[in-house]
Each structure stands twice: as structure tokens, then as C-alpha cells.
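Here is the structure we will look at, set down as C-alpha cells.
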Protein chains: 2
Amino acid sequence: MEQPKGTRRQVQKAETRALILESARTLFGTQDYDRVTIRGVATQAGIGLGTIYKHFPNKLSLLAAAFSDDLKRLYRDAMATVPEDRPFKAQFVHISKRFFTFYTTHFSLSRAYLSHLFFYEKEWLDQINAFDEAYVQKMSELIRAGQDKGEIRPEKDADVLAMALLSNYFFVLANCFLREGMRDPDQMADMLAMLIEQTLL
Amino acid sequence: MEQPKGTRRQVQKAETRALILESARTLFGTQDYDRVTIRGVATQAGIGLGTIYKHFPNKLSLLAAAFSDDLKRLYRDAMATVPEDRPFKAQFVHISKRFFTFYTTHFSLSRAYLSHLFFYEKEWLDQINAFDEAYVQKMSELIRAGQDKGEIRPEKDADVLAMALLSNYFFVLANCFLREGMRDPDQMADMLAMLIEQTLL
DNA sequence: CAATTTGGGCGAACATGTTCACTAAATAGA
DNA sequence: TCTATTTAGTGAACATGTTCGCCCAAATTG
């Protein structure tokens with residue numbers, strides 16, 4: 001009978017990878033990004049230092065891999081639970097607040113991730129851009145629905161507005177990292193709501 | 001007669017600092033941020049490694065110090081040459097394009113600077129926030145003038161709009177780092193113009 | 001002017017992300 | 001089944017940002 005998990009080597013590799021990711025999740029979730037060392041992750045996982053680099057090209061990729069499932073789930077959940085009968089502003093705040101909550105509860109981790117965004121290699125960037133585009137497209141749909149409901153001026157270009165939305169979203173997020181006083185999801189959502197009220201509606 | 005430059009020690013320290021900054025400007029201007037090593041800066045400046053840390057707390061501060069004069073001059077020039085008789089959009093594009101040109105001609109340097117923004121200590125952040133606030137205030141003035149001229153809806157809050165402007169500005173800038181196709185100042189200015197057309201005017 | 005303190009300059013030492021040559025076990029090929 | 005090849009696993013070695021203790025000339029004190 002054929003093993004669905006592949007060869008023995010593949011199975012073992014997958015197990016090692018799981019060990020690394022578990023250790024990484026624990027450590028990154030506990031201490032600041034800079035405080036977490038690759039050696040620490042290796043030790044806690046019970047494997048050698050070099051092994052980690054057989055699975056992940058660098059520290060940041062390890063971080064990203066350790067939380068990519070969480071982020072994907074967060075994205076799916078946020079989109080799936082959008083209240084369809086509420087006005088556009090409420091819908092957008094709903095989505096944004098979910099993400100803001102994640103960022104503030106994983107503060108140091110998110111900061112490291114976003115900060116290194118600009119240095120990603122092409123492969124990663126493509127993935128991120130794809131993510132962004134999906135987001136923008138979803139927002140476009142919501143905006144068009146808002147235009148149909150008469151909440152948003154119909155002459156505006158929904159795609160451009162969606163981009164502006166993403167822009168405001170990142171701006172609020174950046175503010176959260178730059179100003180100590182802006183690290184509460186509710187406060188961030190308020191700021192975002194204020195911005196889109198003056199620019200979108 | 002009293003020396004205006006202070007004690008001999010202060011003069012020598014200032015000279016050393018100037019040597020470091022000159023070396024840093026040369027190296028950071030020539031190669032990527034990561035390729036520039038503190039040892040390299042020290043060697044080129046003809047001083048010891050540890051000396052640099054008597055003048056700058058870390059590599060990024062050195063980078064910032066090396067180009068802070070350029071940036072201040074850029075800011076002053078950009079603001080001083082705003083065409084007063086042109087419409088708001090042209091004024092904003094004028095300012096933004098100056099900055100975009102600087103960023104694209106000092107690409108690696110700007111990327112490192114912006115990326116590390118989120119990790120600054122309080123002192124630096126205060127300085128940056130002050131910078132931002134000055135920018136927002138200036139934008140507020142231009143927006144109000146635009147409202148008086150009838151170009152921008154008068155019922156909008158100029159301060160919030162200025163914040164949205166800053167948000168769009170950073171968004172375009174981030175795009176320049178994330179997408180290879182967006183590294184031309186004219187193109188960036190176009191994207192910015194498109195955004196504010198749909199959100200501000 | 002002598003004694004003491006200060007602080008700039010210095011490079012060894014340290015921490016840590018990353019690379020590399022090596023081993024051995026798994027796999028493929030004969 | 002035996003041999004060759006591949007590759008996960010490994011830790012020493014490397015590169016580099018940063019810290020530390022030392023030195024000594026300048027500044028300060030008395």
C-alpha cells in the first residue's frame with residue numbers, strides 16, 4: 001500500500017519542520033522578535049542550528065511561516081463574517097478591527113514583519129501583492145455595494161477607492177507602531193472610520 | 001579671545017564626527033545599506049571602530065545623521081517653491097515629486113530608513129512625529145486655500161484630509177519599494193494624483 | 001602647578017544571523 | 001543486492017552590529 005505522506009524521508013522532514021514551527025510559534029509569541037534567537041528555536045525544538053536553514057531561508061521567513069496559518073484563518077474569518085446588512089463603514093471597520101486586534105496582541109512580531117516587508121525577495125513579494133490584490137478586490141465589491149445602497153458617491157471609481165482604503169488602513173497601522181498612544185484596536189478603528197468618512201463617503 | 005567653537009576637545013570631537021559623516025555619506029551613497037559595514041566606515045574615515053559608537057548609538061542613526069541635512073534642505077526647498085497660483089493638486093504633486101525623486105535616487109538608503117522607522121527609540125520618533133505634524137499642518141493650509149478657491153468641498157475637515165494625504169503619500173512610497181514597476185517619480189506622482197482626485201476633490 | 005576627573009579614541013570580545021563542508025541515512029539505479 | 005547519488009541534519013566557522021574595559025590627553029579642581 002502506498003503511503004499518502006510520501007517517502008520516509010519526506011515524512012521525517014515534515015516532522016522536523018513541525019518541531020521547528022512549534023518552537024518558533026512559542027518563542028515568537030512569548031518574546032520580542034529580536035530576543036528570539038535561531039539558536040534558541042533550534043534548542044527548544046531539539047534539533048541542530050543548521051537544520052533550520054534547511055527548512056527556512058532566514059529568520060523572517062521562519063516568523064512568517066510560523067504565523068501564516070493564523071493570518072490566513074484571520075483573513076478568511078474576517079471576510080466571512082462581514083455583516084452584509086450593515087452600511088459600508090461598519091463593514092470596513094469590522095474587517096479592519098479584526099486585523100488590528102491581531103496586530104496589537106502580537107505587537108513585536110507584527111512590527112518585525114511589517115518592517116521587513118520592504119526587504120522581501122521577489123517570491124515573497126508576489127505572495128504579498130497577491131494578498132493585497134485579493135483584499136483590494138473584496139473591498140471593491142463592498143464599495144460597489146455601498147454605491148448601490150447610495151452610501152458612497154456613485155461617480156467614484158471603486159477600485160481607486162479600494163486602494164485609498166488600503167492606504168488608510170496601513171497608515172493607521174503604522175501609527176500604531178509609531179505612537180504609543182495608538183495601540184488599542186478600538187482607537188485605531190475610530191481613526192480609520194474618521195479618515196474614510198471624510199474621504200470616501 | 002574666546003574660541004566660538006568651544007574647548008579643544010569639542011573641536012576635535014566635531015572634526016572626528018565630520019570625518020565619520022563624510023565617510024558614511026560616501027559609502028551609503030555608493031552601496032546598499034547592508035553592504036556598508038561600520039568597520040568600512042571607520043576605516044575609510046581613518047578612525048577606530050569603537051569611536052563611531054561614541055558619536056552614534058547605532059548604524060541607522062549614522063545613516064539618518066549622514067542625510068538629515070539633505071532631507072531638511074529638501075523639505076525646505078519643496079515647501080518654499082510651492083506654486084501659489086496653481087490648483088491644490090498641482091501644489092501637492094509638486095511637493096511629493098521632490099521627495100519621490102530623492103527616494104528613488106537614494107533607493108536602498110531610503111528603504112532601510114523607512115523600514116527601520118518602526119523600531120526607533122522615543123527620541124527619534126518624537127523628531128519624526130514633529131516632522132510629520134509640520135507636514136500635516138502645511139498641507140492643512142494648502143487644503144484650506146483650496147477650499148477657499150472652491151477646488152475642495154468646503155464641508156470637509158482640512159486636518160483630517162491632510163492626514164489622508166499623508167496616508168496616500170506613504171502608500172505610494174511603500175508601493176515603490178514593493179513593486180519594481182513603481183520606481184519612477186513621475187509614475188508615483190500620477191498614482192498619487194489619481195488617489196487624491198478620487199478622495200479629496 | 002599637581003592631582004583628579006572626564007570622556008574621546010580604540011580594538012578585543014561578544015552575540016547572533018547565516019554559510020559551509022561534512023556525515024550518514026535514505027533513495028535510486030544497476 | 002550492491003553501488004552511486006541525493007539530501008536532511010549538524011555544528012564549526014564567518015561576518016558584522018554592538019558592548020566593554022582600557023588608555024591617555026584634555027579639562028577641571030584645589
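All chains are named by letter (A, B, ...) in the order of the sequence lines, taking the proteins before the strands, and each is independently numbered beginning at 1. Keep in mind that this is a model prediction, so the values were computed, not measured.
Atom CZ of B:F56 is separated from atom P of C:dG8 by 13 Å (rounded to the nearest Å). B:R39 has its CZ atom 16 Å from the C1' atom of C:dG9, to the nearest Å. Atom C1' of nucleotide C:dG9 and atom CG of B:L19 are separated by 13 Å, given to the nearest angstrom. Distance CD1 (A:I52) to P (C:dC20): 18 Å, rounded to an integer number of Å. One interatomic measurement links the two molecules: CD1 of A:I38 to P of C:dT19, which rounds to 11 Å at whole-angstrom precision. Between A:Q12 atom CD and C:dA26 atom P the separation is 7 Å, expressed in whole Å. Between the P atom of C:dG8 and the NE2 atom of B:H55 lies a distance of 7 Å, rounded to the nearest Å. The distance from atom CG of B:L49 to atom C1' of C:dA13 is 11 Å, rounded to the nearest whole Å.
Each of B:G48 and B:R9 was matched to the nucleotide of DNA chain C holding its nearest heavy atom; the match closer to the 5' end belongs to B:R9. Residue B:L60 is the one, among B:K54 and B:L60, whose nearest nucleotide of DNA chain D lies closer to the 5' end (criterion: closest heavy atom).
Residue-level contact check: A:T51 touches the bases, meaning some heavy atom is under 4.0 Å from a base atom. The residue B:R8 sits close only to the backbone: its heavy atoms come under 4.0 Å of sugar-phosphate atoms, none of a base. No contact: B:V41 has no heavy atom under 4.0 Å from any strand. Residue contacts for B:K13: at a heavy-atom cut-off of 4.0 Å it reaches the sugar-phosphate backbone alone, with no base atom in range.
Judged by the 6.0 Å and 45° rule, A:K59 forms a cation-pi pair with A:Y33.
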Tell me, with the steps shown, if B:K13 and B:H55 meet side-chain contact (heavy atoms from CB on, under 4.5 Å).
-> CA-CA 9 Å; B:K13 183 172 183 181; B:H55 291 261; 3.4 Å; yes
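Listed by chain and residue number, nothing satisfies the side-chain hydrogen bond (donor to acceptor under 3.5 Å, both in side chains) test with B:S23 (two or more places apart in sequence, or in another chain). Applying the ring pair (Phe, Tyr, Trp, His ring centres under 6.0 Å) test to B:F171 and every residue at least two apart in sequence or in another chain returns nothing.
Protein chain A contacts DNA chain D over a range whose 5' and 3' limits, counting nucleotides with an atom under 4.0 angstrom from a non-hydrogen atom, are D:dT6 to D:dA13.
Ring-plane geometry between B:F131 and B:Y75 is classed as tilted, the angle between the planes lying from 30 to 60 degrees on a 0 to 90 degree scale.
Annotation: A:F100 is in aromatic contact with A:Y169 [ring centroid separation under 6.0 Å]. Between A:F118 and B:H116, the ring center distance fails the sub-6.0 Å criterion.
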